[in-house]
Q: 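Here it is: the structure, laid out below.
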Amino acid sequence: MSSSYAPPSRKQNPHLPFGDQRTAPWYGKDILSVRQFNRNDLEYVFGVAHEMREMVERVGTFDLLKGKILANVFYEPSTRTSASFTAAMERLGGSVIPINEVRYSSVAKGESLPDTIRSLECYADVVVLRHPEVGASALAADYAKKPIINAGDGVGEHPTQALLDLFTISEELGRIDGLTVTMVGDLKHGRTVHSLARLLSLFQVRLNYVAPDILRMPKEIIGELEERAMPQEEHELLDKVIGDTDVLYVTRVQKERFQDPANYDKVQGSYTITSDVMKRAKDRMIVMHPLPRVGEISMDVDPDPRAAYFRQMEYGLYVRMALLAMVLGKA
Ligand code: NCD
C-alpha cells in the first residue's frame with residue numbers, strides 16, 4: 001500500500017439504521033483504486049467472498065441487502081462487470097437502477113458527472129460507475145455522500161476486476177506468493193492489468209510484460225512497482241517466458257483507445273494463444289482473460305482445463321457480492 005495514499009473516509013452518517021454498520025471496516029467507503037488494499041484487506045474480502053459462494057450454492061438468493069438499491073452507471077460498454085454487479089445485488093436481495101445507455105439519460109443533454117451522481121444517489125445506496133476518463137470515479141466520490149465503486153475509469157484502474165483476478169489465482173492455484181505472472185497484449189491501455197500489477201506487488205510474485213513496443217506497460221506503473229522491489233521483465237516474445245509462467249493473463253488490444261486506427265491494425269493479432277502455444281506451457285498453470293476476447297485466445301484452448309477465463313467470471317460474482325456487502329455495512 002502506498003504510504004501517500006489516504007483511503008477514503010467513511011461518508012455515511014453513523015446514526016443511520018443498522019447497529020452493526022459502525023463496526024464494519026469498509027462501511028461507507030469508496031472503492032476507487034487497488035492502492036486502498038493491503039494483504040489483510042484482501043484476506044478479508046476473500047473470506048467474505050467464500051461465504052458468498054457458499055450461500056449462493058446453498059440458497060441462491062438471500063436477504064443481506066434487502067431494501068438496498070444500487071445505481072449501476074455505465075458510460076462505456078460492459079457485459080460482465082455490469083451484469084455481475086446486477087446479479088450480485090439481486091442475489092443479496094437488493095435491487096438495481098441500471099443506467100447502461102447514458103445517451104438515453106440526461107448525460108445526453110449535457111449534464112455533468114457530479115450532477116448525475118448527486119441525482120442518482122438520492123435514489124440509491126451505492127453507485128457503481130464506469131467512465132472513459134481517468135479519475136472519473138474519484139471525482140464522483142468527491143461529490144457523492146454514498147459509496148462509489150470504480151468499475152473502470154478509462155485507462156486508469158479497474159479495482160474490482162483486479163480483486164476478482166487475484167481471488168481467481170488464489171482459488172485456482174492455492175497460493176499467490178512464489179508465482180510467475182505473465183501479462184500479454186495491450187498493457188498500455190488495459191486498466192485491468194494496471195490494477196492487477198499493483199495488487200500483485202503486495203506479494204512475492206515475478207511479473208513478465210509481453211507487449212508490442214507501442215503497447216508496453218506504462219513507465220509510471222513499472223516505476224511504482226520498482227520502488228517496492230518487484231521483479232519485472234519486459235519481453236516482445238511470449239516464447240521466452242511461456243514455459244516458466246504460472247498465470248498467463250491475456251488482454252484485448254483496446255481498439256477504442258487508439259487515436260490512429262492504422263496503429264491498431266499494426267498490432268491487433270500480435271499474440272494469439274492457441275492449443276499449440278499451450279503445449280509449451282506448464283501442466284499446472286492457468287490462462288486468464290478479463291474478456292471480451294477478440295481473437296487473442298483461440299477457441300480451441302477453451303476445453304483445456306488450464307483455461308480459467310470462464311471460471312474467473314464466476315469468482316467475480318462472489319467478490320462483487322462481498323464488496324457490496326462491505327461498503328453497505330453488512331460484512
Ligand atoms: C475489461 C474492461 O472493461 O476493462 N473488461 C471487463 O471489465 N471484464 C477488459 C476489456 O474491455 O478489454
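Predicted model only: the values in this text are computed from it and were never measured. Whatever order the structure lists ligands and atoms in, that order sets their numbers, starting from 1.
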Q: Answer yes when D304 and R306 have at least one side-chain N-carboxylate O distance shorter than 4.0 Å, and no when they do not.
A: yes
Q: Apply side-chain hydrogen bond (donor to acceptor under 3.5 Å, both in side chains) to E43 and list each qualifying residue two or more places apart in sequence or on a separate chain.
A: none
Q: Tell me whether Q232 contacts the main-chain N or O of I222 through its side chain, where contact means a donor paired with an acceptor under 3.5 Å.
A: yes
Q: Protein residues near ligand 1, heavy-atom distance below 4.0 Å?
A: T81, R130, H158, Q161, R191, T192, R252, Q254, P290, L291, P292
Q: With a cut-off of 3.5 Å and sequence neighbours excluded, list every side-chain donor-acceptor pair involving residues 288-300.
A:
residue, atom, partner, partner atom, Å
H289, ND1, L291, N, 2.7
H289, NE2, E296, OE1, 2.6
R293, NH1, I297, O, 3.2
R293, NH1, D302, OD1, 2.8
R293, NH2, D302, OD1, 3.3
R293, NH2, D302, OD2, 2.8
E296, OE1, V294, N, 3.3
E296, OE2, V294, N, 3.0
S298, OG, D300, N, 3.4
S298, OG, D300, OD1, 2.4
D300, OD1, S275, N, 3.3
D300, OD2, S275, OG, 3.2

Q: Anything under 30° is parallel, anything over 60° is perpendicular, the rest tilted; go ahead and classify H131 against Y75.
A: tilted
Q: Among all residues two or more places apart in sequence or in another chain, which pass the salt bridge (Lys or Arg N to Asp or Glu O under 4.0 Å) test with E90?
A: none
